[in-house]
Novice: 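Following this message is one structure expressed as structure tokens.
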Amino acid sequence: MDFDTRLADAWVRAIAAAVEKEEARLTELDSAIGDGDHGSNLRRGFSAAVTALEGLRPDGPGAVLTRTGTTLISKVGGASGPLYGKAFRAIGAALPGPADPAALAEALAAGLDAVRALGKAEPGDKTIVDAWTPAVSAFRTAAASGASLPQAATAAAEAAELGAHDTIPLRARKGRASYLGERSTGHQDPGATSTALLFRTLAAVTTA
Ligand code: ADP
Ligand code: MG
């Protein structure tokens, strides 16, 4: 199975449903070390992204994800809007046509590069990067050993969830949470948590 236009479309819709379902949890996490808007930012952004797919005649999976990225940039004011927006635009640019697991791994790596280019976060800074980095590694490793799309995506989701969990003891060095200094420790990072949700959703739509 390749990652095609239908799966790209299903992924964006499933993310919109997942962030709506998890809005309260994301908001609670962001209330502890930020300003409590991460859940509503993502709900608003992905709901707009679904609306923006109406009437789009995508010529490949990339067109769906590029449009999604553009929508996130224009609709989400917080730090996460431009970061996820650039990420989806980069993933889209890397997927002109249907992608096998290895090609999707590289597209997801391009998404991570975009997050890092914009946000300048290193692994360990308690950000999106802490979930996305292990997810890309796991996806690549699985794809290189011949895993199917659902298998690779599931490995990536598990790695992202571990990465998000492992942000709990970290001290934030980027974004709003960094203003708290030492007080940012002991809480799971909201952005790493939503990144884990993105990868879990990818696993779910490729498995369905
Ligand atoms: P804001 O911080 O503007 O309120 P959100 O609440 O939507 O935006 O997003 C907060 C999340 O954004 C953080 O939990 C963190 O994971 C992520 N983040 C913030 N700054 C950066 C950065 N420079 N690089 C990567 N991720 C970042
Ligand atoms: Mg916030």
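Note that the numbering runs from 1 along the sequence shown for the chain. Just follow the structure's listing: the first ligand is 1, and inside any ligand the first atom is 1.
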Novice: Would you say that Glu22 contacts Leu197 through its side chain, given a criterion of any heavy-atom pair below 4.5 Å between the two side chains?
Specialist: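 Yes. Closest side-chain heavy atoms under 4.5 Å.
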
Novice: What protein heavy atom sits nearest atom 21 (C) of ligand 1, and how far off is it?
Specialist: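 Nearest protein contact, heavy atoms only, for atom 21 (C) of ligand 1 is Leu83 CD1, 3.6 Å.
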
Novice: For Asp30, counting its heavy atoms only, list the atoms of ligand 1 lying under 4.0 Å from any of them.
Specialist: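 Listed by number with element, the hits are 6 (O).
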
Novice: Would Glu20 and Arg43 pass as an ion pair if we require N to O under 4.0 Å?
Specialist: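 Salt bridge: no.
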
Novice: How long is the span from the OG atom in Ser137 to the CG atom in Leu108, to the nearest 0.5 Å?
Specialist: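 That separation rounds to 11.5 Å.
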
Novice: Output the distance between atom CG (Leu198) and atom CD1 (Ile15), rounded to the nearest 0.5 Å.
Specialist: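 Reported to 0.5 Å precision, the distance equals 4.5 Å.
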
Novice: Return the closest protein heavy atom for atom 2 (O) of ligand 1 as residue, atom name and distance.
Specialist: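 Residue, atom and distance for the closest contact: Arg176 NE, 3.6 Å.
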
Novice: Considering the heavy atoms of Gly191, write down every atom of ligand 1 situated less than 4.0 Å from one of them.
Specialist: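 Close to Gly191: 13 (C), 14 (O), 16 (O).
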
Novice: Say you draw a straight line from NZ of Lys174 to CG of Leu83; how long is it, rounded to the nearest 0.5 Å?
Specialist: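 Between atom NZ of Lys174 and atom CG of Leu83 there are 11.5 Å.
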
Novice: Purely on distance, is any nitrogen or oxygen of Val115 under 3.5 Å from one on ligand 1?
Specialist: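 It does not: no N or O of Val115 is found under 3.5 Å from an N or O of ligand 1.
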
Novice: Can you list the atoms of ligand 1 that are under 4.0 Å from a heavy atom of Pro190?
Specialist: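 So the answer, numbered in order with elements, is 14 (O).
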
Novice: Considering only heavy atoms of Gly175, which atoms of ligand 1 have at least one such atom less than 4.0 Å away?
Specialist: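 Answer, ordered by atom number: 19 (C), 20 (N).
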
Novice: Below 4.0 angstrom from a heavy atom of Asp35, which ligand 1 atoms are there? Numbered from 1 as shown, please.
Specialist: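 By the 4.0 Å cutoff, the relevant atoms are 4 (O).
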
Novice: Counting heavy atoms only, which of Ser194, Ser80, Pro82 is nearest atom 7 (O) of ligand 1?
Specialist: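 Looking at heavy atoms only, Ser80 sits closest to atom 7 (O) of ligand 1.
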
Novice: Is the closest N or O pair between Gly119 and ligand 1 shorter than 3.5 Å?
Specialist: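 N/O-N/O distance under 3.5 Å: yes.
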
Novice: Among Asp189, Asp130, Ile33, which one has a heavy atom closest to atom 15 (C) of ligand 1?
Specialist: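 Answer by nearest heavy atom: Asp189.
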
Novice: Which ligand 1 atoms, with their elements, are less than 4.0 angstrom from a heavy-atom of Asp37?
Specialist: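 Those of ligand 1 that fall under 4.0 Å from Asp37 are 4 (O), 5 (P), 6 (O).
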
Novice: Which residue and non-hydrogen atom of the protein lie closest to atom 10 (C) of ligand 1, and at what distance in Å?
Specialist: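 The answer is His38 ND1, 4.0 Å.
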
Novice: Considering both backbone and side-chain atoms of Lys120, is one of its nitrogen or oxygen atoms within less than 3.5 Å of a nitrogen or oxygen in ligand 1?
Specialist: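 No, since none of the N or O atoms of Lys120 sits under 3.5 Å from an N or O of ligand 1.
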
Novice: Do any nitrogen or oxygen atoms of Ala79 lie less than 3.5 angstrom from nitrogen or oxygen atoms of ligand 1?
Specialist: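 Yes, there is a polar N/O contact under 3.5 Å.
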
Novice: Has the side chain of Asp130 got a donor or acceptor atom that lies under 3.5 Å from a matching backbone atom of Thr127?
Specialist: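 Here the side-chain-to-backbone pair exists.
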
Novice: With heavy-atom distances below 4.0 Å as the criterion, list the atoms of ligand 1 near Ala121.
Specialist: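 Numbered from 1, ligand 1 contributes 24 (N).
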
Novice: Hey, which atoms in ligand 1 end up nearer than 4.0 Å to a heavy atom of Gly78?
Specialist: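 Heavy-atom distances to Gly78 below 4.0 Å select 3 (O), 8 (O).
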
Novice: So, the side chain of Thr66 versus the backbone of Ala63: is there a donor-acceptor pair under 3.5 Å, distance only?
Specialist: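 The answer is no, because no donor-acceptor pair under 3.5 Å joins these two groups.
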
Novice: When the ring centroid of Phe88 is compared with that of Trp11, is the distance short of 6.0 Å?
Specialist: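 Centroid distance Phe88-Trp11: below 6.0 Å, so yes.
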
Novice: Tell me the protein heavy atom at minimum distance from atom 26 (N) of ligand 1, and give that distance in Å.
Specialist: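 Checked against all protein heavy atoms, atom 26 (N) of ligand 1 sits closest to Thr127 CB, 3.2 Å.
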
